[in-house]
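Written below as structure tokens is the structure these notes are about.
In what follows, every chain begins at residue 1, and chains take the letters A, B, ... in the order their sequences are listed. Side chains are part of it too, since the values below use all heavy atoms of this structure and drop only hydrogens, waters and symmetry mates.
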Amino acid sequence: MEIYEELVARGLVAQVTDEPEIRELINSGKAVFYIGFDPTADSLHVGHFMALCLMKRLQMAGNRPVVLIGGGTGYIGDPSGRSDMRSVMTPETIQHNCDCFLHQMERFIDFGEGKAIMVNNADWLLKLNYVDLLRDVGACFSVNNMLRAECYKQRMEKGLSFLEFNYMIMQSYDFYHLYQHYGCNMQFGGDDQWSNMLSGTDLIRRKLGENAYAMTITLLMNAEGKKMGKTANGAVWLDPNKTSPFEFYQYWRNVGDNDVLKCIRMLTFLPVEEIDKMDSWEGSQLNRAKEILAFELTKLVHGEDEAARAEETSRGLFAGGGNTEHMPTTALTDAQFDGDTIGVLNLLVACGLCASNGEARRLVQQGGILANDKKVEEIGATFSKSDFAGEGLLLKKGKKSYHRVTL
RNA sequence: GGGGGAAUUCCCGAGUGGCCAAAGGGGACAGACUGUAAAUCUGCUGUCUACGACUUCGGUGGUUCGAAUCCACCUUCCCCCA
């Protein structure tokens with residue numbers, strides 16, 4: 001199976017500007033393609049992960065990836081799919097985020113000699129002169145068309161600043177620049193980027209009379225139509241310090257039945273034929289599929305060792321057994337004890353399982369707290385130092401949160 | 001530049017002098033049921049030394065016995081006219 005066909009089979013292809021041309025281009029390994037990453041945080045997250053995988057797949061098929069870091073566009077902020085304006089970031093923050101991105105990407109993409117290259121659009125965007133830019137490309141953009149673009153739709157009601165309106169022009173300019181300087185003939189991106197990308201191919205056609213191509217990948221949505229990779233606490237990060245490998249594993253271990261196969265197909269590197277066989281799985285087999293998904297992705301992001309460890313910990317906790325080795329642990333100090341004892345409420349807050357005393361109180365009252373597998377019945381319950389000796393005390397909040405407390 | 005409107009707890013959104021820690025919904029969390037899924041039902045959702053106390057309704061001052069509610073100024077946003 002050739003690469004284009006594989007992308008289709010995995011359900012990754014959302015929209016393309018010219019299917020026959022694009023198929024030919026990437027199947028023959030002649031594409032020099034770019035994907036842009038805006039440095040809006042100090043770590044990549046699951047959304048970026050899809051793009052990284054895509055780059056990797058295309059690179060394996062002989063194409064040349066160009067990673068574009070949006071150090072310049074970061075000054076503006078992409079309004080696509082947003083209902084409010086991004087807060088403006090300081091140049092220092094942007095630079096810091098760019099550095100973090102680079103570090104994480106090296107894990108996925110081969111930046112060796114003659115392989116992938118990384119560029120930062122700050123290098124050319126920040127040098128632009130307003131009037132020159134207007135004269136150069138301004139005439140190529142139709143405000144009428146821009147206003148019709150899907151990515152601005154939501155903002156037409158809530159308000160859109162001129163600053164953000166220009167994002168599309170900057171992104172188009174990037175493509176135009178990369179086309180001229182790096183022979184970049186293709187752009188990939190999330191489906192929400194479609195209008196921005198089209199305007200880039202348009203610009204190249206108008207300015208140079210040549211064809212460049214664009215293709216978007218399907219956004220990873222769950223069965224409820226929400227973007228995946230978000231939790232109540234924010235994004236699922238690739239940085240192990242922001243989302244631990246265990247949490248990362250658990251996120252995928254817990255996806256809904258209807259989403260498992262889709263995720264395996266789109267995100268893992270398992271052969272398509274193998275995945276096709278899993279299509280008929282149901283019931284407990286789906287539960288197995290979730291393990292595969294979680295393991296494969298954790299392996300890609302954090303390495304095989306971490307993946308195995310997360311899996312082991314997970315099985316230990318949920319399937320019985322007592323592997324407490326890798327769960328979050330808090331060591332108490334004498335100061336946290338009242339004499340020889342500590343109350344449950346204080347204990348829960350001390351180890352970060354609860355944000356406040358009140359929350360702890362509620363949890364206990366509702367029967368959501370277990371200490372060494374015994375339900376804590378009273379909010380006045382106390383533990384003495386001997387309870388934390390040795391392996392420590394295993395606290396369980398609800399069904400999925402575990403915490404080990406030692407001295 | 002002129003005129004009008006808005007800012008409420010995680011989000012949406014009621015509340016227009018005391019009965020307001022603030023309706024309702026969503027989300028989150030917990031319980032039951034389960035497969036670490038979904039659906040459903042129940043509880044719960046400011047803080048605390050907890051049947052009471054304290055701090056919150058964009059910001060700063062003011063009026064009042066008493067303010068989320070009234071007044072002044074400021075900040076931000078939206079709409080209409082130019």
Query raised in the report: Would you say A:Ser356 reaches B:U47's phosphate, i.e. side-chain N/O to OP1/OP2 under 4.0 Å?
Result: yes
Report task. Run the ring-centre check on A:Tyr34 versus A:Phe188 and record whether the distance is less than 6.0 Å. Result ->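 For A:Tyr34 and A:Phe188, the ring centres are not under 6.0 Å apart.
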How many whole angstroms separate atom [atom1] of [X] from atom [atom2] of [N]?
X: A:Lys397; N: B:G31; atom1: NZ; atom2: P; result: 10 Å
X: A:Lys375; N: B:G31; atom1: NZ; atom2: C1'; result: 8 Å
X: A:Glu377; N: B:A30; atom1: CD; atom2: P; result: 18 Å
X: A:Ile369; N: B:A30; atom1: CD1; atom2: C1'; result: 9 Å
X: A:Leu363; N: B:G31; atom1: CG; atom2: P; result: 8 Å
X: A:Arg315; N: B:G35; atom1: CZ; atom2: P; result: 18 Å
X: A:Leu293; N: B:G35; atom1: CG; atom2: P; result: 21 Å
X: A:Asn357; N: B:A50; atom1: CG; atom2: C1'; result: 10 Å

How far, in whole Å, is [M] from [N] if one measures between their [atom1] atoms?
N: B:A6; M: B:C70; atom1: P; result: 10 Å
N: B:A68; M: B:A22; atom1: P; result: 13 Å
N: B:C78; M: B:U8; atom1: P; result: 15 Å
N: B:G26; M: B:U45; atom1: C1'; result: 13 Å
N: B:G52; M: B:C65; atom1: C1'; result: 23 Å
N: B:C19; M: B:C74; atom1: C1'; result: 34 Å
N: B:A67; M: B:C57; atom1: P; result: 12 Å
N: B:A23; M: B:C10; atom1: P; result: 14 Å

Query raised in the report: Can any side-chain N or O of A:Asp279 pair as donor or acceptor with the backbone N or O of A:Ile275 at less than 3.5 Å?
Result: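 No: the side chain of A:Asp279 does not pair with the backbone of A:Ile275.
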Requested in this report: Could you tell me whether a side-chain N or O of A:Asn372 sits under 3.5 Å from a main-chain N or O of A:Leu393, the two making a donor and an acceptor?
Outcome: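 No, A:Asn372 side chain to A:Leu393 backbone: no donor-acceptor pair under 3.5 Å.
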Name the pairs: protein N/O against N/O of nucleotides 41-44 of chain B, kept only if under 3.5 Å.
{"residue": "B:G43", "atom": "O2'", "partner": "A:Gln366", "partner atom": "OE1", "Å": "3.2"}
{"residue": "B:G43", "atom": "N2", "partner": "A:Gln366", "partner atom": "OE1", "Å": "3.4"}
{"residue": "B:G43", "atom": "N2", "partner": "A:Gln366", "partner atom": "NE2", "Å": "3.2"}
{"residue": "B:G43", "atom": "N3", "partner": "A:Gln366", "partner atom": "OE1", "Å": "3.0"}
{"residue": "B:C44", "atom": "O4'", "partner": "A:Gln366", "partner atom": "OE1", "Å": "3.4"}

Report task. Starting from the 5' end of RNA chain B, give me the residue, A:Tyr249 or A:Val349, whose nearest nucleotide shows up first. Result ->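 First, find each residue's nearest nucleotide; the 5'-ward one identifies A:Tyr249.
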Report task. Please figure out whether A:Gly283 or A:Asn346 has its closest RNA chain B nucleotide nearer the 5' end. Result ->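 The residue closer to the strand's 5' end, by nearest nucleotide, is A:Gly283.
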Could you identify the nucleotide paired to [N], looking across every strand shown and requiring Watson-Crick or G-U wobble geometry with both distances under 3.5 Å?
N: B:G66; answer: none
N: B:A6; answer: B:U76
N: B:C41; answer: B:G31
N: B:G17; answer: none
N: B:A53; answer: B:U47

Requested in this report: Would you check if A:Tyr173 and A:Asp136 make a side-chain contact, meaning some heavy-atom pair closer than 4.5 Å?
Outcome: yes
Query raised in the report: Looking at A:Phe269, is A:Lys56 sitting on its ring face, NZ or CZ under 6.0 Å from the six-membered ring centre and within 45 degrees of the normal?
Result: yes
Query raised in the report: Would A:Lys397 count as a cation-pi partner of A:Tyr402, with NZ or CZ less than 6.0 Å from the six-membered ring centre and within 45° of the ring normal?
Result: no
**Report entry** Listed partners of A:Lys400 passing salt bridge (charged side-chain N to carboxylate O under 4.0 Å, His left out), at least two apart
**Finding:**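 A:Lys400 satisfies salt bridge (charged side-chain N to carboxylate O under 4.0 Å, His left out) with no other residue.
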**Report entry** A:Asp276 bridged to A:Arg265 by N-O distance under 4.0 Å
**Finding:** yes
Requested in this report: Indicate yes or no: does A:Arg23 engage A:Glu5 in a salt bridge with an N to O separation below 4.0 Å.
Outcome: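 Salt bridge present between A:Arg23 and A:Glu5.
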Query raised in the report: Under 4.0 angstrom, heavy atoms only, what part of the nucleic acid is A:Gly398 near: base, sugar-phosphate, or nothing?
Result: sugar-phosphate
Query raised in the report: Base, sugar-phosphate, or nothing: which does A:Gln250 touch, judged by heavy atoms less than 4.0 Å apart?
Result: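 If one applies the 4.0 Å heavy-atom cut-off, A:Gln250 turns out to touch a base.
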Requested in this report: Taking all heavy atoms of A:Gly303 and all of A:Arg107, pick out the closest pair and write down the distance.
Outcome: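 Nearest heavy atoms, A:Gly303 then A:Arg107: N-NH2, 3.1 Å.
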Query raised in the report: Is the base of B:C73 syn or anti, if syn means a glycosidic angle within 90° of 0?
Result: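 B:C73: anti.
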Query raised in the report: Does any pair with a residue in residues 7-18 of chain A pass side-chain hydrogen bond (donor to acceptor under 3.5 Å, both in side chains), and if so which ones, sequence neighbours excluded?
Result: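 Matches after skipping sequence neighbours: A:Glu6-A:Arg10, A:Gln15-A:Asp191, A:Gln15-A:Trp194.
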Query raised in the report: Which pairs count as side-chain hydrogen bond (donor to acceptor under 3.5 Å, both in side chains) when at least one residue sits in residues 286-298 of chain A, sequence neighbours excluded?
Result: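 Every pair satisfying side-chain hydrogen bond (donor to acceptor under 3.5 Å, both in side chains) with a residue in residues 286-298 of chain A: A:Arg253-A:Asn287, A:Asp257-A:Lys290, A:Arg288-A:Glu291, A:Glu291-A:Arg315.
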Query - Single hit among A:Asn120, A:Val67, A:Ile69 for side chain to side chain contact (heavy atoms under 4.5 Å, CB included) with A:Phe101 - result: A:Ile69
Give every pair of a protein N or O atom and an N or O atom of nucleotides 55-57 of chain B that lie under 3.5 Å apart, one pair per line with the distance.
none

**Report entry** Intermediate values then yes/no, side-chain hydrogen bond (donor to acceptor under 3.5 Å, both in side chains), A:Asp174 and A:Gln171
**Finding:** CA-CA 5 Å; A:Asp174 283 343; A:Gln171 185 165 335; over 6 Å; no
Sort me out a list of protein N/O and nucleotides 37-40 of chain B N/O pairs below 3.5 Å, or just none if empty.
{"residue": "B:A37", "atom": "OP1", "partner": "A:Lys400", "partner atom": "NZ", "Å": "2.8"}
{"residue": "B:A37", "atom": "O4'", "partner": "A:Lys290", "partner atom": "NZ", "Å": "3.1"}
{"residue": "B:A37", "atom": "O2'", "partner": "A:Asp257", "partner atom": "N", "Å": "3.3"}
{"residue": "B:A37", "atom": "N3", "partner": "A:Asp257", "partner atom": "OD2", "Å": "3.4"}

